[in-house]
Amino acid sequence: MGLDFDCAMDRCVELARTASRAGNYALGSLVLADGAILAETGSSLVGADNDPSAHPEMTAIRRAACARRSRYLTGAYLVTTLEPCPMCTSVAIWAKMAGIVFGATQQDAKNWSTEHPDELFTWRQIEIRARDVVAAGTPALEVHEGIRRDECRALFALNKSPAV
Ligand SMILES: [Zn+2]
């Protein structure tokens, strides 16, 4: 028996904590296929290749496609701690994935920023919901939100320093 969404999200939270300890955003993502992890990563934007598109969702999808030797990840799910941005959601659509699974929502991140104006960290966003991007694309991906939401929201507090 393979991993379910809850267990996969537990792993994402672990990846996010590890990324945070390394000075990165506390975000974690993986690609789940047939109950197994095809690829996974925490955020690695800080100090990496100066690549603004290197969101963990993008990196996980790229690695999964590489592992599968196909640009299509049919039947696979993108699992990620925070609602993916329009760019990453679009890539999941281009990859013909089965669905997107996330914990905290864009609004959760926005609320956290508002409640903690003293923090140097800000959650800059492109305010288009993942489900709206999905609704505009083909194929129609499943969208599962709120998986381990409390654990994912708790990750926001780990971002204490400004992003480089
Ligand atoms: Zn993104």
Side-chain angles (χ1 to χ4, degrees), residues 5 8-9 11-20 22-33 37-68 71-73 76-113 121-149 151-159 161-164:
F5 291 155
M9 190 63 82
R11 176 61 186 153
C12 286
V13 169
E14 222 176 280
L15 291 164
R17 289 189 182 131
T18 303
S20 164
N24 270 290
Y25 294 89
L27 298 167
S29 305
L30 61 79
V31 172
L32 187 69
I37 297 171
L38 201 52
E40 63 176 27
T41 184
S43 178
S44 61
L45 281 174
V46 177
D49 302 323
N50 297 312
D51 177 359
S53 74
H55 292 180
E57 298 95 330
M58 288 280 277
T59 304
I61 290 172
R62 282 185 176 131
R63 287 181 186 168
C66 192
R68 200 181 253 193
R71 68 180 185 277
Y72 297 130
L73 295 169
Y77 290 85
L78 172 66
V79 184
T80 188
T81 53
L82 176 62
E83 181 167 3
C85 76
M87 173 183 73
C88 297
T89 303
S90 299
V91 171
I93 296 168
W94 293 134
K96 297 184 178 178
M97 296 182 80
I100 294 173
V101 180
F102 57 91
T105 62
Q106 288 183 8
Q107 190 61 46
D108 289 335
K110 208 171 161 180
N111 292 347
W112 193 90
S113 288
F121 189 87
T122 59
W123 289 96
R124 199 159 58 100
Q125 296 184 45
I126 297 170
E127 295 188 31
I128 304 174
R129 305 256 359 232
R131 71 162 80 99
D132 293 332
V133 176
V134 164
T138 312
L141 276 60
E142 299 166 29
V143 178
H144 303 272
E145 69 174 78
I147 309 296
R148 297 281 199 251
R149 186 173 172 207
E151 290 86 339
C152 290
R153 281 194 299 197
L155 294 169
F156 296 149
L158 299 180
N159 295 289
S161 55
V164 175

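Ligands are counted one by one from 1 in listed order, and the atoms in each one are counted from 1 as well.
The backbone N or O of Ala60 sits nowhere less than 3.5 Å from a side-chain atom of Glu40 that would complete a donor-acceptor pair. Judged purely by atom type and a 3.5 angstrom limit, Asp108 uses its side chain to pair as donor or acceptor with the backbone of Thr105.
Heavy atoms only, all atoms of each residue included: Glu151 and Val13 are closest at CB-CG2, 4.3 Å.
Considering only heavy atoms from C-beta on, Leu27 stays 4.5 Å or farther from Thr80 through its side chain.
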Criterion salt bridge (Lys or Arg N to Asp or Glu O under 4.0 Å) on Arg11 and Glu14, from CA distance to verdict: CA-CA 5 Å; Arg11 176 61 186 153; Glu14 222 176 280; 2.6 Å; yes
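Every pair passing side chain to side chain donor-acceptor pair (under 3.5 Å) that includes a residue from residues 82-96 is listed here, sequence neighbours excluded: Glu83-Arg129.
Atoms of the protein (N, O or S only) found under 2.8 Å from the Zn ion (ligand 1) are His55 ND1, Cys85 SG, Cys88 SG.
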